[in-house]
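Inspection log for the structure reproduced underneath, given as structure tokens.
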Amino acid sequence: MSLPDRFDSASEPQLYERWVEADCFKADAARSTRTGGDRDPFTIVIPPPNVTAILHLGHALDNVTQDVLIRWARMRGQETLWMPGTDHAGIATQNVVEKIIAGEGKTRFDVGRDAFVKRTEAFVEETGGTILKQLRAIGASADWSRTAYTFSPELSRAVREAFARLYEKGLIYRGHRVIHWCPRCHTSLSDEEAEFQEEDGALYHIRYRLSALGSQTRAESLVVATTRPETMLGDVAVAVNPKDPRYAALVGTTVVLPILDLEIPIIADDYADPAFGTGVVKITPAHDANDFEVGKRHALPMPVVIDADGNMNAGATTEYTRVPDFVRGKSAVAARDLIKRRLKEIGALEKTESKRHSVRHCYRCDTVVEPRLSDQWFVKMAPLAKPALDGLRAGAMRILPQRWEAVYINWLEGIRDWNISRQLWWGHRIPVWYCKDCDPPYDVHVSRTDLTKCPHCAGPVRQDEDVLDTWFSSWLWPLSTLGWPDDTRDMKAFYPTDVLVSGPDIIFFWVARMVMAGYFFTGRSPYHTVLLHGIARDGQGRKMSKSLGNGVDPMEVVRLFGADAMRWTLVSGMGLGADITLDPDDLKKTFATGRNFVTKLWNIARFLLEKAGTAPVKRVADIPAAKLQRVDEWILWRLDVAIAECDAALGPLHPVTPLSTTDQKQWKPDERLSGMRLNDLAETARRFVWNELADWYLEAIKGRLAAGGEDAEVARAVLVHAFDGALRLLHPIVPFVTEAVWQQLPSHSAGTFLATAPWPAANPTSRTKRADEFELIREVVSALRQIRAEYAVPPGSNIDAIAVGGDGVFREEAGMVERLSRSSLKVASAAPTGAAAHAVLAGGVSLVVPLAGLVDIDKECARLTGELASVEKQLQGLEGRLSNEKFTSKAPPDVVAGERAKLAEWTTRRQQLRDKVQTLCGG
RNA sequence: GGGCGAAUAGCUCAGUUGGUUAGAGCGCCUGCCUUACACGCAGGAAGUCGGGGGUUCGAGUCCCUCUUCGCCCACCA
């Protein structure tokens, strides 16, 4: 039996198919302990990618992280569900289709609503879901039989139910106020969707002439500062602070709005900050959220001067008189220049100064958003935020890295109502019908089913034209994908879910809102752990993005090196929550780590199959301890160390301490920060399989395997066991190569998969005296190799080395030393020689290598002396601490005991070093 | 205006509650095509842990401060 030279990554899809055919990824609600089954559930819902998206590195990073956790949980014997699906992505998808239509010289309005929606459906049908296929290619072990879609009939039902319940509880209302409006997308946006960007702008100081000429002693004009002079056409007042003595006398009088020559009042309002500029602020209620509030307080008119396209016009229902001909129809940006020029001409422009300020942009198309007065549906958020805050504080949920908890808390504490109306066509139509014939309060009807006539007067009804914010369906995702609002088996078996993996950029959009929805609709947090990872950056540290074209294409990486190589590189290179930098210009170098590692695993398997064969092996547990060699005990011990460290890296699957306030569990403070360190898992497993199993164990048993007989059987059994254990630890990260190799092991039984094989358990007692002895042997061998390399002892010639240790402890291992160094190293005699000796000492066994003529004694002495000094220093510290009353009385007893033990250990070490220095340096 | 993060070997990054001589991968140097692997093996060089101050027996780790870069939040007229 032999394998090809390299793992063929082109075989990954076939492996994937076999998992799917064997239903390895399918979750069974009946097996969940919550429905009377015998396995604890473990659930992750995927952050649904946009249905038309194609896989980029950010997705890869996010989904590989989830897959590692999912595969780990599955091996831990959990009833594991990874819920896959896509998001209809209202605004994003609509934009894509609009762009296509634009290529035909048309707008969506030319096409018409019904035809446009049909067209978008067809587009999604045709191009959608590509990303799900790509997720398979990177090994994502999701339960595809449950694939969900936010716009499916089932999930749409959940959306309506959620809307109706919130409305019935008074948490959804229609609001008339200034919202963020994207003139390009032609829709309103939530606060979160209108992102700030720093820009260079200007602050224009405009002089408003006082019309109250009665008070002759005052200056006859006021100066207001604005970054948006074009909005002055919509000014209805200027405001000063009521406490500002400079203007107290002017309150109640009027100023003349330049250009329009309209008289507008001077009002007093706390909103005006005396310390800012001149302390006078112009009030444009229709085009500024703050001004709108002021306008409401003072019952001011709210003339609209900028239309839905962002041009200088009023809405159809408003008078045009405020927009003069010279700017009418011009864009706001163009109007700014024209207004500026006109103000200058009439001497009303006092001055212009440059100013850096933040301007809101549409998060989907980057257009500058326009504050706009309109009617929208809002969700009242404060009542929803409360339980989400309490839940985090009670430990029902944790966020890793923990620093994001402050961000989450800060946002929820200052939460504002959520505008959920979008003036789009692609999305869930708002389930509200209006009846013209009824009098209020019967004019608005929220319904779970489509209405064709008014439930009160049976007259004709008209459905709200708007659709819901995409995130209004997303925030229900952990519920809706499991069948909510019905009390389904999946809901019972898998809700609440366990971990949510995402990027910190959507904490507000999605993560926190899902928690709010979870508490509101079910009384429970939808998950107990939020794991936030970093973002992918290019070689220059720039965020990878489509627009910059600086991204690494994961599918290209898969094609070149295989999914495992990519997964390994990502997982091992990513600290908890840290960004990862990958150079898109040198994929070979960037992914060398993963590619090399996969090949190494493959080659260990080749060795095993060629040298140890495929004949059945004994279970290690059935081998009498006396038959084990030192190195066997050593590698078994090292395996247990690796398992324990991997377990520590991943932490607990879920919290176990009951939380009295709900039926959920809570994280205890000490476990709250533990686990989820996937890079530690990778590093620990790599060290074991490469630096211990391959570098030492494999080399050590070559002779034994070749010799055959009973001892060869022992070595075979231990080798298979140790490698099997390593493959289990590694499988969550590199599922393909480990599965391929694992199925070739002599211990494999037909029809079983590593994907569903049990996670190994560490035996805490496997460290033996003989295992420790092998540690010493490693040290000795390393020392000899060092000498050989440093002094260029030719491979063919001998080093006269002497083993000391009384009972010939090293005799059998000496042969191994010879093999390991691949030279003719000989153990010559059993007595130490001369003062010129380099000693490796430990545990009462020592080996002395005479170095006459080889070692630079001075150099070695300097090294030893330095080491001694540092040991002395450490001892001094320990002694100081232990003689400190405060420490010994206040520190926990086990800590003190630990320090005492350390002191003893270090004292011994100091003595050994002193002896060495004495011997070697003669003083 | 407020807050957060980053700065550790040539490069990309680990470094959990302070504690042995600060680690890994890639790159580099030396020697090896040794029958699993040159995508490899053995050995090696390379770090004032951003600067300064402080706490401590002991600081990459804790405190203060400064510098540079990045991110988030805010009614930045």
Distances under 3.5 Å only, N/O to N/O: pair up the protein atoms with those of nucleotides 8-12 of chain B.
unit_1 : atom_1 : unit_2   : atom_2 : d
B:U12  : O3'    : A:Thr581 : OG1    : 3.2

query: Taking the inter-plane angle between the rings of A:Phe7 and A:Trp602 on a 0 to 90° scale, is it parallel (under 30°), tilted (30 to 60°) or perpendicular (over 60°)?
result: tilted
query: Given that both pair distances must be under 3.5 Å and the pair must be Watson-Crick or G-U, what runs of three or more consecutive pairs involve RNA chain B?
result: B:1-7 with B:67-73, B:10-13 with B:23-26, B:28-32 with B:40-44, B:50-54 with B:62-66
- prompt: Does A:Asn596 have a side-chain nitrogen or oxygen under 4.0 Å from the phosphate oxygens OP1 or OP2 of B:C26?
  reply: yes
message: The criterion is ring-ring contact (aromatic ring centres under 6.0 Å, His included); which residues satisfy it with A:Trp411, sequence neighbours excluded?
response: A:Phe508
- prompt: Does A:Phe688 have any ring-ring contact (aromatic ring centres under 6.0 Å, His included) partners at least two apart in sequence or in another chain, and if so, which?
  reply: none
query: Taking only residues two or more places apart in sequence, or in another chain, which ones meet A:Thr569 in a side chain to side chain donor-acceptor pair (under 3.5 Å)?
result: none
- request: Please list, chain by chain and in numerical order, all residues satisfying side chain to side chain donor-acceptor pair (under 3.5 Å) with A:Tyr204, sequence neighbours excluded.
  value: none
task: Could you tell me whether A:Thr593 contacts a base, only the sugar-phosphate backbone, or nothing, with contacts defined as non-hydrogen atoms closer than 4.0 Å?
output: sugar-phosphate
query: Under 4.0 Å between a side-chain N/O of A:Arg595 and OP1 or OP2 of B:C26, yes or no?
result: no
- prompt: In chain order, what residues pass the side chain to side chain contact (heavy atoms under 4.5 Å, CB included) check against A:Ile506, with sequence neighbours excluded?
  reply: A:Trp471, A:Ser502, A:Phe509, A:Trp510
message: At 4.0 Å (heavy atoms only), tell me whether A:Lys355 reaches a base, stays on the sugar-phosphate, or touches nothing.
response: sugar-phosphate
message: Restricting to side chain to side chain donor-acceptor pair (under 3.5 Å), what partner residues turn up for A:His298, sequence neighbours left out?
response: A:Asp269
message: For a quick test of reading the model: is some side-chain N or O of A:Lys600 closer than 4.0 Å to OP1 or OP2 of B:G25?
response: no
- prompt: What residue pairs, at least two apart or across chains, pass salt bridge (charged side-chain N to carboxylate O under 4.0 Å, His left out) with a residue in residues 568-592 of chain A?
  reply: A:Arg537-A:Asp579
Can you give me every donor-acceptor pair (side chain of residues 289-296 of chain A, partner residue at least two apart or in another chain, under 3.5 Å) with its distance?
unit_1   : atom_1 : unit_2   : atom_2 : d
A:Asp291 : OD2    : A:Thr284 : N      : 2.7

message: If you take any heavy atom closer than 4.0 Å to RNA chain B, which residues from residues 268-283 of chain A end up in contact?
response: A:Tyr271, A:Ala272, A:Asp273, A:Phe276, A:Gly279, A:Val280, A:Val281
- request: Sequence neighbours left out, what passes side chain to side chain donor-acceptor pair (under 3.5 Å) with A:Glu195? Give chain and number order.
  value: none
